[in-house]
Amino acid sequence: MPAVSKGDGMRGLAVFISDIRNCKSKEAEIKRINKELANIRSKFKGDKALDGYSKKKYVCKLLFIFLLGHDIDFGHMEAVNLLSSNKYTEKQIGYLFISVLVNSNSELIRLINNAIKNDLSSRNPTFMCLALHCIANVGSREMAEAFAGEIPRILVAGDTMDSVKQSAALCLLRLYKTCPDLVLMGEWTSRVVHLLNDQHMGVVTAAISLITCLSQKNPDEFKTCVSLAVSRLSRIVSSASTDLQDYTYYFVPAPWLSCKLLRLLQCYPPPEDGAVKGRLVECLETILNKAQEPPKSKKVQHSNAKNAILFEAIALIIHYDSEPNLLVRACNQLGQFLQHRETNLRYLALESMCTLASSEFSHEAVKTHIETVINALKTERDVSVRQRAADLLYAMCDRSNAKQIVAEMLSYLETADYSIREEMVLKVAILAEKYAVDYSWYVDTILNLIRIAGDYVSEEVWYRVIQIVINRDDVQGYAAKTVFEALQAPACHENMVKVGGYILGEFGNLIAGDPRSSPLVQFNLLHSKFHLCSVPTRALLLSAYIKFINLFPETKSTIQEVLRCDSQIRNSDVELQQRAVEYLKLSSIASTDVLATVLEEMPPFPERESSILAKLKKKKGPGAVSNELEDGKREGGELNGGGERAADTTAMAASNASTPSPSADLLGLRPGPAAPVSSGPPCAGSLLVDVFSEGPSPGPNVGANDDGFLRFVCKNNGVLFENQLLQIGIKSEYRQNLGRMYLFYGNKTSVQFVSFVTTVTCPGELGSHILLSSQFSCQLFIGLKTMD
Amino acid sequence: MIGGLFIYNHKGEVLISRVYRDDIGRNAVDAFRVNVIHARQQVRSPVTNIARTSFFHVKRANIWLAAVTKQNVNAAMVFEFLYKMCDVMTAYFGKISEENIKNNFVLIYELLDEILDFGYPQNSETGALKTFITQQGIKGQHQTKEEQSQITSQVTGQIGWRREGIKYRRNELFLDVLESVNLLMSPQGQVLSAHVSGRVVMKSYLSGMPECKFGMNDKIVIDKQGKGGATDEAGKSSGKQSIAIDDCTFHQCVRLSKFDSERSISFIPPDGEYELMRYRTTKDIILPFRVIPLVREVGRTKLEVKVVIKSNFKPSLLAQKIEVRIPTPLNTSGVQVICMKGKAKYKASENAIVWKIKRMAGMKESQISAEIELLPTNDKKKWARPPISMNFEVPFAPSGLKVRYLKVFESKLNYSDHDVIKWVRYIGRSGIYETRC
């Protein structure tokens, strides 16, 4: 490109800029700019035509003023005029102005496009480059519409100069990124692939960026690039550092190109052709070998370039996941980096190892570094590196080292950074559950977890521990004992109280034999925490108390005393008050047999995926819809398995038994025995529930808050269910023995639901009541139609 | 309770930094510079809160004065102090400029020590300060013990603003009524808002400890007198002359109790120049000039402006320094001006046509017409038409205020009211005097 010579500088512009810089105050600067703007306006308005030089100068000044933060609303025409100049500098300034200040102004866009078209067909490489740069810089849809067809032609034309090809490739990439629909694949695609064989390294580098982007969308069209890329890579890797002259960077041959090639290969599965594969493996081995060589230079750029290639190569090896030998070597290489002086390298090594750990071939190799990683977790200064170390520990954990890793993570948790605590807690909880051989160890771990990081323990974690304790008979006694001991600490976290309340309420009898933990002692211990807890926990504790009455009749009078006191029976919170009143009545009216039936031990929970796992996934950021679906599943699981809710349900069932009011528990959310729907008017209510619990087709999505259902006690319409995907509304009207019910399904996503099915089933005893079920489904169908 | 006081130049470099309280750290200096002086957006508010620290600033030319505090102070008090501080500095070394501040570095610190103590404002009366803070180097050796004790007793005494034993051969007294008139008028000539803010500035060169009494045509006083003695007729004839003062403030020498009870202004004046009172009126304002604008848009590229100004006061009086500022659109590319009187010029740097007339008698009329050429632009935004503003100076008080008397009583020395030579002058200036077009 022609260099701007000294004599070409614009004196007027230099003077103006130095004036502005010498201004003593903002006001002075604005004055100077106003003056200059008036001058330029009068010059542009002037009758005599300006020569190219002064036009360029004034456009430059306008540009400078714009960059200082002032609005420019004229001069576009002059800039467009500059485009048709034959002088490089004038054209350049014109393009610069347009790429900075262009807006979708219809008439000007046409002129600009014309000028660009002229330049593209001018065969002057510098002009073509300028035009391409402008297109890429503006990168608007209009530009793409006008030139998406032209640029591929330039890119693959045989007589195009190398520098233009380079620009064209990058320009096309930009247009493709903004409007992929406008860049049509055609016969040029195959020829673009062959640019990988180009003599000019710059062209190859530019082309590979384009190909990588294109092949992510259309992998089949660019399949042929794999063998070309491999041969290119092997040529670079095997070349001596002096071969590629301009493209050797601190003794590393073409590092950018190598990285891009490796990244391109990561878009495809391992090559099937044996020869190509052999060559690639050879390349990767060479790269790994080179990492072992002593550095050729002490400069940081040298090692950076070398490591960049190495990490890309390792990423590729992990991506293929088929060469045990290479995987182990990569792991060893990363192991070396784990102790490197450079923090960035340690970070990258930990991150790459995380993915390595999931491969069956290298899992064992990764495990050998456990001491180093634990050490990193403890001593690293940078929190992001510690986070990676924790991730890696999580990834490398298996049955053999679970106890060690969980212990280490627990001990780290006490000093861990606040930002990563919640995630750490989830990880510990998952690992403890996943690799628990001995469930007493699991209970210990989780209770420890709650003790150490109570605030960061989410609901899911303690729900889960209760599910597991209930489902495993062998651990119940131990759990009760441990919880009892844990509660004896003077200050314990609310989550601990919840777990304690639940477990003692269920299994307090297992440890009641010991005089140190006699029923009254247990009760007093729980009740001493009562006043420090929030409302939901208090509600849970009240349920625990009524269970105590069932388990230990000798505590009955004490507990009744507690329930009767004003702070319970006249509590300002409705939920607490209701529980206190109902439990008190229940304990005094019901016989022991009834009590024992109502307050029977919880049945085991159905086994399902751990809700904690889903929570962790969610925390990592759900990427795809599939993830969201899993979330939906999780919510469902949580609903069905949630310990507290289960307790609530029993409680409510109990209250229903005593008071025949259509109280909150119309739902029968929990499959299982504990939902006796009371007799009484709301036949519609129970019907509603059935529709809900069995009906809506995306079964796993079932999940809602019971507040929503509570509303239907006194309302006939509202939203029945809602999650990220779907909203179900209901509207119903009843007249004597007739009822009409509309269900509305709302699609909350931007995509269409396919094979959307709803079924309505009536549970046994209700089936005989409902006569108009056919009409019912018909209405349902109409509702569906209108919504979709 | 001002925590600290900083003075910066236009670049934000600290010229003076005085910290009075421990709660203001060194970083406060930088905080103000970064957040206000070098702020990306121009800071218009005079009070800025940065990290629970309040910064009150005033700007004089290119100099920034900032008072800093962490406490909940009376903002009006702080600004009053800052203005007072400006006055004091001006009285000591003239214009407040970077150069002057650098040259009087020591003096300023000495002043700051005196007028602020632990952040509480102290005596900031220039006359009093000048007796013990001087620019002539160390004078203490020449000052006798007596003089020193006299200063102490004066400054700590009841009349801190005047020392005893002043003697003049000629007892003289100058009284200036300075007013600035503010106006916003609609294009049709309807007054949208108008008020006058005025000051009475005195220069007194009187011997001894005289007692003065100042009288003006305050409506309340006149009405009271009308009721008391004079006939209704007389009251009516002078009734037009009386004015309603909306609010006023006085120099500390004025006896406020007497003003409250009798609405008479009596005081022992300080020696030299001082501001006796400030006041504001909003009713029956004499508008010295009327501006009649006429703007016509001829197509997209041309604008015709005609402005007529009419003087509206006695023909015998002369207005001076008249300047009319007619804003031009932002896409002006050329301007032709024709005016009968004075000089008019298009000032591109201010986006305005500035028309200057040296003198103009009352009840006259003058006009200017301009053709403005515009450059067509791409954005369709319409020009907002900012108002036409005006500057002038007239030799009367637009509020109608008249000085009725200023009596001087000095019982101990042998001069009477008649021996004092008194000079009274009225100057009316424009404040923000705008007419929409």
Side-chain angles (χ1 to χ4, degrees), chain A residues 16 19-50 55 58-59 61-62 65-81 97-98 100-112, chain B residues 8-13 15 33 36-44 57 59-64 97-99 299-303 325 327-337 345-354 370-384 386:
Chain A
F16 173 59
D19 274 3
I20 295 261
R21 295 209 169 134
N22 290 334
C23 280
K24 290 216 163 173
S25 64
K26 197 92 192 160
E27 293 78 38
E29 187 184 308
I30 289 169
K31 274 191 176 171
R32 181 70 185 88
I33 286 171
N34 278 338
K35 196 174 148 199
E36 194 60 44
L37 281 175
N39 176 36
I40 298 171
R41 279 196 300 261
S42 68
K43 283 286 183 338
F44 282 174
K45 177 82 177 183
D47 299 326
K48 60 172 195 270
L50 291 171
K55 231 184 250 174
Y58 293 129
V59 167
K61 284 181 180 175
L62 285 180
I65 293 170
F66 176 76
L67 294 178
L68 284 177
H70 299 260
D71 278 341
I72 297 295
D73 50 7
F74 64 100
H76 299 78
M77 202 54 221
E78 282 70 18
V80 173
N81 285 343
F97 185 89
I98 281 160
V100 173
L101 266 145
V102 86
N103 44 11
S104 353
N105 184 316
S106 57
E107 47 191 320
L108 277 182
I109 281 285
R110 207 170 42 76
L111 286 173
I112 294 166
Chain B
Y8 302 84
N9 67 2
H10 69 98
K11 287 183 204 148
E13 290 162 353
L15 303 177
R33 180 181 45 232
V36 180
I37 302 181
H38 290 165
R40 208 163 284 236
Q41 300 280 305
Q42 205 181 347
V43 175
R44 287 172 183 278
H57 75 263
K59 219 180 153 193
R60 283 279 179 276
N62 279 329
I63 300 297
W64 299 73
S97 66
E98 184 174 351
E99 176 133 352
R300 273 189 71 199
T301 59
K302 207 167 168 190
L303 201 69
R325 181 175 292 263
T328 55
L330 292 176
N331 54 347
T332 306
S333 63
V335 177
Q336 269 97 48
V337 209
K345 206 177 161 191
Y346 168 58
K347 284 204 172 165
S349 59
E350 287 149 48
N351 282 321
I353 299 168
V354 179
E371 269 183 26
I372 301 170
E373 279 179 70
L374 304 175
L375 192 75
T377 59
N378 340 13
D379 60 343
K380 306 283 180 283
K381 261 188 289 171
K382 248 195 125 194
W383 180 44

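The model shown is predicted, which means the values in this text are computed figures rather than measured ones. Lettering of chains follows the sequences in order, A, B, ..., and the numbering in each one begins at 1. The figures that follow rest on heavy atoms only: side chains count, while hydrogens, waters and symmetry mates do not.
Legend: residues meeting side chain to side chain contact (heavy atoms under 4.5 Å, CB included) with A/Glu78, ordered by chain and number and at least two apart, are A/Phe44, A/Lys55, A/Val59.
In this structure, the portion of A/Glu27 lying under 4.5 Å from any heavy atom of chain B is its side chain and not its backbone. Looking at B/Asn9, there are no atoms closer than 4.5 Å to chain A (heavy atoms on both sides), in backbone or side chain.
Between B/Leu330 atom CG and A/Asp73 atom CG the span is 7.5 Å, to the nearest 0.5 Å. A distance of 11.0 Å separates CG in A/Leu37 from CG in B/Asn331, rounded to the nearest 0.5 Å. The distance from atom NE2 of B/His38 to atom NZ of A/Lys26, rounded to the nearest 0.5 Å, is 10.5 Å.
In this structure, the side chain of A/Lys31 does not engage the main chain of B/Glu350 through any donor-acceptor pair within 3.5 Å.
Contact detail for B/Ser333 and A/Ser42: the closest heavy-atom pair is O-CB, 3.0 Å. Between A/Lys45 and B/Leu374, the shortest heavy-atom distance links the atoms NZ-O, 3.0 Å. A/Lys24 and B/Asn62 make their closest contact through CB-ND2, 4.3 Å (heavy atoms, listed as atom of the first residue, atom of the second, distance).
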